[in-house]
K.L.:
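Could you have a look at this structure, given as structure tokens, before my questions?
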Amino acid sequence: MKVFFITLLSSLIPTFSLQAQPLERMMGLDEIFQLADSSSLSIKSARDEAKSVEANVKVAKNGLLPDINFSASATYNGNAWMSDRDFSNGQSLPSPHFGNNFALEVRQIVYSGGAVSHGIRGAELQADIAILNVTDKRQNVRFLLTGYYLNLYKFRNLERVYNKNIARAKQVIKDMRAREEQGIVLHNDITRYEVLLQNLLYRLTELKSQIDVFNNQLVTTLNLPDGTQIMPDTTLINLSTAEYSESELRDRANTYSPRLKIARTSIELGRNQEKLARSGLLPKISIIAGDHLTGPITVELPPINKNINNWYFGVGVAYNIGNIYKSQRDITRSRLNTSASEAKYAELQEHLELEIHQAYVNYQNAFELLHTQEKSLQLATENYTVTENRYNNDLVLLIDLLDADNIRLDAEVQYVNARINIIYNYYRLMYVTGTL
């Protein structure tokens, strides 16, 4: 039994250790975008709303279908009573007690002044806006996730930089302790480098906290299992970015931006509402047909216990005279709504041009910053190498080596940030033009 339990326990321990390990998952931005389309609550909500609005189109098209009314009734009829005009000489007339009534009427509108067609068009435009809202939500979620992802990428890169520098600092301290034993280095010098090491370890702890925050934001938004550790695709740093002029970006935004499309569709919807309001000033013409079967015949006295059937076919005209003064208010309101939509479109277009200009300038500056940081990193590395050699030959003080190490570390950090900054500003260009 002891052997059995020991064997069982030894087999379970690896399982527990595997379960305790976080699940690492390498993910690129394209995969994140695909997951967001199916997992984001914001996109799901917009998509459900679009389906609801699309159903209104089918309801509006019901106006093209004929109205068919059928009624049937069975009654118990009392005896008729007849008298003179002064209510004298009253007498009761026997009547058939069972009564029936069947009626069928069909009415098809052939002209409504555009009320039906404009109603359908209005529902279609509202459905278009709802679909464009889904696209706009998708753009917003994607850009938000891009920020999370690139921040996670940046901090994981910085984590590697700090780990490398921590390892280097530990090696320097180890070498200095060996030199201390030889009487070449003072213990105070080692203490200074140990302070540097502790600062690096503290910054690494801060980095890990930031990594945890951005990783959790991605995991939650994408509805991934708890404990998943997202590892960014390192090939993203070599992303080939297209070159655009500012005018090309404005043209792309004018073509693809869902916000501009929504604004343009809102203007068209307003103009359609004006036409719908004007339709109230026009008559409604319809074709009608019906058939009535009733019994008994009560227009005769005494009533006749027979059924009589009547049918008819013709054209009906209806006109609401009150619309002459009521519809003007609806027309004025619709015209004002259209003017407001046009003003909003002009404002949005101006705001979008400013956004494009700012994003374009930042994108161009990101390349200049990268070139500067590349040169800074090269110089900082060369300076550290020279200072380290001189320190090893007792030509400079430890403080000089510490300064050179701090400068090189800062240059490495800034270089990583500059490369990530280019990618972020590129995706921002895609976002403001509606092509992300």
K.L.:
Taking G147's backbone N and O only, do any of them form a donor-acceptor pair with N151's side chain (distance below 3.5 Å, no angle check)?
P.N.:
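Present.
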K.L.:
Assess whether side-chain contact (heavy atoms from CB on, under 4.5 Å) is satisfied between L145 and Q217, documenting all intermediate values.
P.N.:
CA-CA 8 Å; L145 290 174; Q217 288 172 328; over 6 Å; no
K.L.:
Answer yes or no: are there more than 12 heavy-atom neighbours, outside I321 itself, under 6.0 Å from its atom CD1?
P.N.:
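Open.
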K.L.:
Measure the CZ-CG distance between R250 and L352 for me, rounded to the nearest 0.5 Å.
P.N.:
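Reported to 0.5 Å precision, the distance equals 10.5 Å.
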K.L.:
Taking atom types as modelled and ignoring hydrogens, do the side chains of N425 and N421 form a donor-acceptor contact shorter than 3.5 angstrom?
P.N.:
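Yes.
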K.L.:
Has E246 got more than 12 heavy atoms of other residues, nucleotides or ligands less than 6.0 Å from its CD?
P.N.:
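Yes, because the 6.0 Å sphere around CD of E246 holds more than 12 heavy atoms from other groups.
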K.L.:
Is R408 salt-bridged to E412, going by a charged N under 4.0 Å from an acidic O?
P.N.:
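Answer for the salt bridge query: yes.
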K.L.:
Please check: side-chain N/O of T228 versus main-chain N/O of L23, any donor-acceptor pairing under 3.5 Å?
P.N.:
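Not a single qualifying donor-acceptor pair exists.
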K.L.:
Counting only heavy atoms from other residues, nucleotides and ligands, does the tally under 6.0 Å from NZ of K275 exceed 12?
P.N.:
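Counting other residues, nucleotides and ligands, NZ of K275 stays at 12 neighbours or fewer.
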K.L.:
Check whether any side-chain heavy atom of N157 lies under 4.5 Å from a side-chain heavy atom of R419, and answer yes or no.
P.N.:
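SC-SC contact between N157 and R419 ruled out.
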K.L.:
Quick one: CG on D136 to CD1 on I131, what's the gap to the nearest 0.5 Å?
P.N.:
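Reported value, rounded in 0.5 Å steps: 14.0 Å.
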K.L.:
Which class fits the ring pair Y427 and F33: parallel under 30°, tilted 30 to 60°, perpendicular over 60°?
P.N.:
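It falls in the perpendicular class, over 60°.
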K.L.:
Should the ring pair Y363 and F367 be called parallel, tilted or perpendicular, given that the plane angle runs from 0 to 90° and is split at 30 and 60?
P.N.:
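Y363 and F367: perpendicular rings.
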K.L.:
What I want to find out is whether E355 reaches R259 closely enough, with some N-O distance under 4.0 Å, to be called a salt bridge.
P.N.:
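A salt bridge is present here (some side-chain N lies under 4.0 Å from a carboxylate O).
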K.L.:
Can you tell me how far apart CG (N140) and OG (S42) are? Round to the nearest 0.5 Å.
P.N.:
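If we round to the nearest 0.5 Å, N140:CG and S42:OG are 7.5 Å apart.
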K.L.:
With side-chain contact (heavy atoms from CB on, under 4.5 Å) as the criterion, how do Q273 and D330 come out once you've worked through the C-alpha distance, each side chain's angles and the decisive distance to 0.1 Å?
P.N.:
CA-CA 9 Å; Q273 289 299 112; D330 291 337; over 6 Å; no
K.L.:
Between T433 (side chain) and M430 (backbone), is there a donor-acceptor pair under 3.5 Å?
P.N.:
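Yes, because the side chain of T433 sits within donor-acceptor range (under 3.5 Å) of the backbone of M430.
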K.L.:
Please indicate whether E49 has more than 12 foreign heavy atoms, meaning atoms of other residues, nucleotides or ligands, lying under 6.0 Å from its CD.
P.N.:
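No, the 6.0 Å shell around CD holds no more than 12 heavy atoms from other groups.
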K.L.:
Answer yes or no: is there a donor N or O on one side and an acceptor on the other, between the side chain of S279 and the main chain of L276, under 3.5 Å?
P.N.:
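Yes; judged by distance alone, with no hydrogens or angles, the pair exists.
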K.L.:
Could you tell me whether R121 and E124 have a side-chain N and a carboxylate O separated by less than 4.0 Å?
P.N.:
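Counted as a salt bridge, because a side-chain N and a carboxylate O are separated by less than 4.0 Å.
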K.L.:
Do side-chain atoms of S45 reach the backbone of L41 as a donor and acceptor pair under 3.5 angstrom?
P.N.:
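Not at all, since once roles are kept as given, no pair shorter than 3.5 Å links the two residues.
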K.L.:
Please report the closest heavy-atom contact between N272 and H118, naming both atoms and the distance.
P.N.:
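For N272 and H118, the tightest heavy-atom pair comes out as ND2-O, 2.8 Å.
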K.L.:
Would you find a donor on one side and an acceptor on the other, under 3.5 Å apart, between the side chain of D212 and the backbone of K208?
P.N.:
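Pair absent, no side-chain N/O of D212 close to backbone of K208.
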K.L.:
Inspect the surroundings of CH2 in W311 and state if more than 12 heavy atoms from other residues, nucleotides or ligands are less than 6.0 Å away.
P.N.:
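Not buried by this count: 12 neighbours or fewer within 6.0 Å.
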K.L.:
Does CG belonging to D226 count more than 12 external heavy atoms closer than 6.0 Å?
P.N.:
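Atom CG in D226 is not crowded, with 12 or fewer foreign heavy atoms closer than 6.0 Å.
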K.L.:
Identify the residue among R156, R25, E24 that makes a side chain to side chain donor-acceptor pair (under 3.5 Å) with Q229.
P.N.:
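With Q229 as partner, side chain to side chain donor-acceptor pair (under 3.5 Å) holds for just one option, R156.
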K.L.:
K306 vs E300, test: salt bridge (charged side-chain N to carboxylate O under 4.0 Å, His left out). Steps then yes/no.
P.N.:
CA-CA 11 Å; K306 290 182 179 292; E300 295 288 340; over 6 Å; no
K.L.:
Can you measure from CG (L132) to CZ (R138) and round to the nearest 0.5 angstrom?
P.N.:
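Nearest 0.5 Å value for the CG-CZ distance: 11.0 Å.
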K.L.:
Which pair of heavy atoms, one from A277 and one from S334, lies closest together, and at what distance?
P.N.:
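Closest approach of A277 to S334, heavy atoms only: CB-OG, 4.2 Å.
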K.L.:
Any heavy-atom pair between the side chains of N309 and F102 that's under 4.5 Å?
P.N.:
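Not in contact.
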K.L.:
Apply the test side-chain contact (heavy atoms from CB on, under 4.5 Å) to residues E342 and R271: give CA-CA distance (whole Å), side-chain angles for both, the deciding distance (0.1 Å), then the verdict.
P.N.:
CA-CA 10 Å; E342 290 172 344; R271 291 170 180 166; 3.0 Å; yes
K.L.:
What's the shortest heavy-atom distance between Y345 and A263, and which atoms?
P.N.:
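Y345 and A263 have their closest heavy atoms at CD1-CB, 3.5 Å.
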K.L.:
Between E206 and Y202, is there a side-chain donor-acceptor contact under 3.5 Å, judged purely by atom types and distance?
P.N.:
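Distance-only check passes for Y202 and E206.
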K.L.:
Give, for atom CD1 of I68 and atom CZ of R107, the distance between the pair rounded to the nearest 0.5 Å.
P.N.:
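One finds 13.0 Å between CD1 of I68 and CZ of R107.
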K.L.:
Looking at E274 and R278, does any basic side-chain N land under 4.0 Å from a carboxylate oxygen?
P.N.:
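Yes.
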K.L.:
Roughly how far, to the nearest 0.5 Å, is OH of Y319 from CG of L282?
P.N.:
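Separation between the atoms: 7.5 Å.
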K.L.:
I want to know whether Y424 and Y149 have ring centres closer than 6.0 Å.
P.N.:
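No: the rings miss the under 6.0 Å criterion.
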K.L.:
When you look at T220 and N216, which way does the side-chain contact (heavy atoms from CB on, under 4.5 Å) test go after all the steps?
P.N.:
CA-CA 6 Å; T220 302; N216 182 68; 3.7 Å; yes
K.L.:
Is a donor from one side chain sitting under 3.5 angstrom from an acceptor on the other, for Y431 and R142?
P.N.:
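No pair is found: no donor N or O on one side chain lies under 3.5 Å from an acceptor on the other.
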